[in-house]
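To keep things clear, I will list the structure first and then write my remarks on it.
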Amino acid sequence: MKLITSILLLAISIPVFSQSTNVEFVRREVQITTAVLPLAPEEKETATVYGYDETGGLEILRTGSGSMVCISDDPGKEGISVACYSEQLEPFMARGRELTAEGKTAEERSAIREEEAGSGKLKMPESPSMMYIFYGKDENYNPTTGELKEGQFRYVVYIPYATTASTGLPDKPHAPGMPWLMDPGTHKAHIMIGPF
């Protein structure tokens with residue numbers, strides 16, 4: 001009985017490797033812990049979380065009651081990177097995921113969403129909307145606990161159609177860590193802050 005218990009404990013503590021994608025699969029609970037790392041403690045339990053199944057497909061791991069949506073680390077990419085964003089951005093992000101699943105390139109996704117946002121088909125936030133990104137190196141990640149040591153933050157504030165003139169921000173940083181406006185004048189205009 002002790003041997004069976006030991007084997008079961010070992011099985012749930014070791015990441016599984018997918019046969020079809022040959023990428024490391026991290027347990028759902030651990031993915032959730034990792035995905036919400038960028039959030040304040042009071043927001044972690046209420047966030048909606050997307051993560052990856054054994055085949056590398058994206059799925060909802062937890063439907064939350066709060067205003068934040070988090071995406072766990074993509075096991076098929078080098079390094080660890082998670083993001084949490086305001087639910088106001090979910091239509092924009094969800095459409096991006098749909099277009100990616102259809103095989104659209106980054107340029108095609110951008111053009112399609114620009115057109116749909118301009119026509120009103122794609123609902124964009126009416127006020128500035130926050131996204132927090134937390135990232136680091138694979139060797140600093142613990143796939144058993146979901147902890148990431150020596151991670152860095154990058155902050156993104158989506159402000160559709162903002163321009164350098166309307167915000168007073170430059171379109172590229174000229175000092176480390178300063179805010180700047182990326183994609184000015186477009187549906188995906190956003191203020192970038194960091195990394196530091």
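Scanning both residues, Leu122 and Pro91, for their nearest heavy atoms gives CD1-O, 3.5 Å. Heavy-atom minimum distance, Pro184 versus Ala189: CA-CB, 4.2 Å. The two residues Leu37 and Gly146 come nearest to each other via the heavy atoms CD1-O, 3.6 Å. Nearest heavy atoms, Gly96 versus Arg109: O-CD, 3.6 Å. Counting all heavy atoms, side chain and backbone alike, Pro38 lies closest to Ala35 at CD-O, 3.3 Å. Nearest heavy-atom pair across Ala117 and Tyr161 is CB-OH, 3.6 Å.
Counting heavy atoms from C-beta on, the side chains of Met182 and Asp171 never come closer than 4.5 Å. Residues Tyr141 and Thr34 are in side-chain contact: their nearest non-hydrogen atoms beyond the backbone lie under 4.5 Å apart. Two residues are said to be in side-chain contact when any heavy atoms from C-beta on lie closer than 4.5 Å; Met178 and Pro170 meet this criterion. At a threshold of 4.5 Å between non-hydrogen side-chain atoms, the residues Ile112 and Glu114 do not count as touching. Residues Lys188 and Phe92 have side chains in contact (heavy-atom distance under 4.5 Å, counting atoms from C-beta outward). No side-chain heavy atom of Cys70 sits under 4.5 Å from any side-chain heavy atom of Val82. Between Glu102 and Glu108, every side-chain heavy-atom pair lies at or beyond the 4.5 Å cut-off.
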side-chain contact (heavy atoms from CB on, under 4.5 Å), that's the test. Do Leu181 and Ile191 meet it? Break it down for me. CA-CA 5 Å; Leu181 188 64; Ile191 301 167; 4.0 Å; yes
Verdict with reasoning, Tyr50 to Met93, per side-chain contact (heavy atoms from CB on, under 4.5 Å): CA-CA 12 Å; Tyr50 286 88; Met93 299 296 184; over 6 Å; no
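In this structure, the ring of Tyr155 has its center less than 6.0 angstrom from the ring center of Phe153.
Donor-acceptor pairing under 3.5 Å is recorded for the side chains of Tyr85 and Glu90.
In this structure, Thr46 OG1 and Leu39 CG are separated by 8.0 Å, a value rounded to the nearest 0.5 Å. Within the model, atoms CG of Asp183 and NE2 of His190 stand 5.5 Å from one another, a figure rounded to the nearest 0.5 Å. The OG1 atom of Thr33 sits 9.0 Å away from atom CD of Glu147, with the distance rounded to the nearest 0.5 Å. Between atom CH2 of residue Trp180 and atom OG1 of residue Thr164 there is a gap of 12.5 Å, rounded to the nearest 0.5 Å. In this structure, NZ on Lys123 lies 7.5 Å from CD on Gln88, to the nearest 0.5 angstrom. A distance of 10.0 Å separates CZ of Arg95 from OG1 of Thr100, quoted to the nearest 0.5 Å.
Comment: Glu116 does not engage Arg113 in a salt bridge, judged by the lack of any side-chain N to carboxylate O separation of less than 4.0 angstrom.
Judged purely by atom type and a 3.5 angstrom limit, Thr145 has no side-chain atom pairing as donor or acceptor with the backbone of Pro143. Formation of a donor-acceptor pair under 3.5 Å by the Asp138 side chain with backbone atoms of Gly79 is found in this model. Checked by atom type and distance alone, the side chain of Arg62 never pairs as donor or acceptor with a backbone atom of Val49 at under 3.5 Å. In this structure, the side chain of Ser86 does not engage the main chain of Leu89 through any donor-acceptor pair within 3.5 Å. Side chain of Ser110 to main chain of Ala106: no donor-acceptor pair is present (N/O by atom type, distance under 3.5 Å, no hydrogens or angles). Between the Gln31 side chain and the Tyr52 main chain, a donor and an acceptor come within less than 3.5 Å of each other. Under the 3.5 Å distance criterion, the side-chain polar atoms of Glu150 are left unmatched by any main-chain donor or acceptor of Gly136. The backbone N or O of Ile133 lies less than 3.5 Å from no partner atom in the side chain of Arg154, so there is not a single donor-acceptor pair.
The number of heavy atoms from other shown groups lying within 6.0 Å of CD (Glu115) does not exceed 12. Other residues, nucleotides and ligands contribute more than 12 heavy atoms inside 6.0 Å of the CD atom of Glu139.
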